[in-house]
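In what follows, a single structure is set out as structure tokens and then discussed.
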Amino acid sequence: MASLQPVRGTQDLLPDAQRRHRAVIDTARDLAARYGYQEIATPIFEFTDVFSRPIGETSDIVSKEMYTFTDRGGEEITLRPEYTAGIVRAIMSNGLTQSLPQKLFGAGPMFRYERPQKGRFRQFHQIDVELIGVAQPLGDVEIISLAANILDAFGILKRTVLELNTLGDTASRVAYRAALVEYYAGHRDGLSEDSLRRLEKNPLRILDSKDEGDKRINADAPLFEKYLTPEAQDFFGKVKSGLDTLGIAYQVNSRLVRGLDYYCHTAFEFVTTDLGAQGTVLAGGRYDGLMGVMGGPETPGVGWAAGIERLALLIDEPAPPPRPITLAPLGDKAEAIALGIAQSLRKAGFNIDLGFSGNLKRRMQRADKIKARAVVILGDNEIEKQIAAVRDLDTGEQVEVALGLLEERLKPFR
RNA sequence: GCGGGUGUAGCUCAGUUGGUUAGAGCGCCAGAUUGUGAUUCUGGAUGUCGCCGGUUCGACCCCGGUCACUCGCCCCA
């Protein structure tokens with residue numbers, strides 16, 4: 001039955017995998033809270049405009065990667081391909097533009113219709129941090145430092161490189177873009193097919209081309225530094241010196257650009273060589289123009305997103321789940337008593353696995369398989385004497401315990 | 001969307017120039033042990049060989065298509 005296959009690019013997160021995701025999210029959320037970032041959740045789908053307008057019709061995300069459909073009410077709906085636009089919309093919808101800055105953390109699924117690869121899915125998950133209403137470079141420094149702290153908490157900061165660039169302010173970018181277009185237009189014959197398309201859609205992208213011919217042309221391409229306004233240079237300088245102050249290492253990569261139209265000033269990526277072609281583990285930047293484009297008041301913002309699947313591939317095995325104590329009642333009478341015991345032990349904070357069926361051997365096997373710490377055996381013999389047999393599964397030691405003392409005597413196994 | 005590789009048991013994988021009953025390890029089930037797991041021993045079941053079609057006396061093997069996975073490109077977390 002082909003329908004038993006999950007949809008291409010989706011995956012089941014079985015408990016072991018989900019525990020890795022959970023570890024990523026929980027660690028990130030805790031650290032973000034230490035910086036004063038509160039968790040937010042926005043809908044998984046929005047009106048299509050929320051994404052298509054700010055992200056830009058010419059971008060790959062909008063032109064070919066969105067899961068868009070018309071719902072039964074005739075509304076154009078899109079499954080979110082990224083978090084930022086939805087969060088910014090939520091801030092406007094709820095009037096939070098009156099209480100800035102907003103420091104927000106989010107985590108959840110995103111959807112992009114792409115060809116799946118290692119660390120790349122059609123439904124994937126991101127953690128996301130947004131700082132909205134802060135125009136100062138100190139904000140950029142803060143979220144980058146949060147990102148570095150999170151990666152460090154995962155033990156993978158050493159395996160990544162922070163690449164940093166500036167896209168300048170609007171004046172800088174417009175001037176530079178014009179200079180690039182003029183330059184490349186003069187070299188049309190030598191450009192790759194991909195770059196000819198980029199020339200129309202996003203000329204900055206050509207700078208990052210892997211094509212050899214493009215690289216030769218890029219060698220003499222105009223440099224962004226010459227087109228940066230003094231203000232933009234000053235901004236970039238402050239971001240860099242802030243990172244220096246914190247001892248956060250970075251490499252300026254002038255070819256690092258952004259596919260999304262609303263980015264300006266700071267652009268950064270933490271990249272690794274351990275994930276094949278999907279080297280970017282966490283990426284973000286400043287988007288001062290976004291809220292204005294979406295019809296709200298001009299409000300600066302800066303943020304990043306990280307792929308949970310990619311992080312989960314890199315982190316160490318998270319702590320195993322707590323080991324339960326298995327209750328093994330034998331017979332109807334024992335079952336009734338065990339139900340009550342399970343209830344009160346759980347209320348007392350014990351992690352109790354109550355067996356449902358099987359003879360004692362079966363129950364012991366199951367207890368072993370789920371790595372139970374101990375088994376409480378309740379059979380007719382025990383009930384008659386008002387005791388339970390408590391077996392330590394690690395040592396094999398077994399003792400008889402009066403039912404009234406059970407909670408006390410099980411404490412070592414908690 | 002484009003190009004390469006791979007699909008055999010629940011999992012990881014063997015499978016001879018195309019030859020008739022398709023294998024191993026792990027896991028699973030049962031027994032040794034009818035109230036005692038893990039360990040040990042014995043036995044058992046694994047299966048549309050991804051799917052559809054073609055070539056052939058005969059296809060897990062060759063060919064075509066298709067689906068999935070995977071690596072790279074595009075793009076991105």
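Letters go in sequence order (proteins before strands), and every chain restarts at 1.
Across all strands, A:Tyr83 comes closer than 4.0 Å to no nucleic acid atom at all (heavy-atom distances). Residue A:Asp128 is out of contact with every strand shown, counting any heavy-atom pair closer than 4.0 Å. Counting any heavy atom pair closer than 4.0 Å across all strands shown, A:Ala367 reaches no nucleic acid atom.
The side chain of A:Lys118 has B:rC71 as its nearest neighbour among B:rG37, B:rG35, B:rC71. Side-chain proximity of A:Ile377 to B:rU36, B:rC74, B:rA77: nearest is B:rU36. For A:Pro116, the listed nucleotide lying nearest its side chain is B:rU70; candidates were B:rU70, B:rA77, B:rU36. Checking B:rC74, B:rA77, B:rG37 against every side-chain atom of A:Asp368, the shortest atom distance belongs to B:rG37. If you check B:rC71, B:rG37, B:rG35 against the side chain of A:Arg391, the one that comes closest is B:rG37.
Neither OP1 nor OP2 of B:rG1 sits under 4.0 Å from any side-chain N or O of A:Arg115. At the phosphate of B:rC69, OP1 or OP2 sits under 4.0 Å from a side-chain N or O atom of A:Arg8.
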Just the atom pairs and distances: protein N or O near nucleotides 27-31 of chain B's N or O, under 3.5 Å.
from: B:rC28; atom 1: OP1; to: A:Lys369; atom 2: NZ; distance (Å): 3.3
from: B:rC29; atom 1: OP1; to: A:Arg362; atom 2: NH2; distance (Å): 2.9

Given A:Ser344 and A:Glu407, is the side chain to side chain donor-acceptor pair (under 3.5 Å) satisfied, shown in steps?
CA-CA 9 Å; A:Ser344 59; A:Glu407 184 177 324; 5.5 Å; no
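Between B:rA24 and B:rA14, the distance separating the two P atoms is 16 Å to the nearest Å. Taking the C1' atoms as reference points, B:rG54 lies 28 Å from B:rA9, given to the whole Å. B:rU8 sits 13 Å from B:rG15 when the P atoms are compared, rounded to a whole Å. B:rG19 sits 49 Å from B:rG37 when the C1' atoms are compared, rounded to a whole Å. A gap of 44 Å separates the P atoms of B:rC74 and B:rA59, to the nearest Å. The gap from the C1' atom of B:rU70 to that of B:rU33 amounts to 48 Å, rounded to the nearest Å. When the P atom is compared between B:rU39 and B:rC26, the two are found 11 Å apart, to the nearest whole Å. Here the separation of B:rC2 from B:rG65, taken at their P atoms, is 14 Å to the nearest Å.
Applying the ring-ring contact (aromatic ring centres under 6.0 Å, His included) test to every pair with at least one member in residues 155-203 of chain A, sequence neighbours left out, gives these pairs: A:Tyr176-A:Phe224, A:Tyr176-A:Tyr227, A:Tyr183-A:His187.
If you find the closest nucleotide of RNA chain B to A:Val7 and to A:Phe121, the one lying nearer the 5' end belongs to A:Val7. Comparing A:Arg198 and A:Gly9 against RNA chain B, the residue whose closest nucleotide sits nearer the 5' end is A:Gly9.
With A:Leu164 as the partner, the side chain to side chain contact (heavy atoms under 4.5 Å, CB included) test is satisfied by one option alone out of A:Gln251, A:Lys240, A:Glu269: A:Lys240.
Under 4.0 Å is where a charged nitrogen must lie from a carboxylate oxygen, and between A:Asp380 and A:Lys333 no such pair does.
Annotation: cation-pi pair A:Arg29/A:Phe105 absent, no NZ/CZ under 6.0 Å from the ring centroid and within 45° of its normal. For the pair A:Arg122 and A:Tyr113, the cation-pi test (distance below 6.0 Å, angle within 45°) is passed.
No donor-acceptor contact under 3.5 Å links the side chain of A:Glu114 to the base of B:rG1.
Shown here, B:rC73 forms a base pair with B:rG1; the pair counts as Watson-Crick or G-U wobble because both key distances fall under 3.5 Å.
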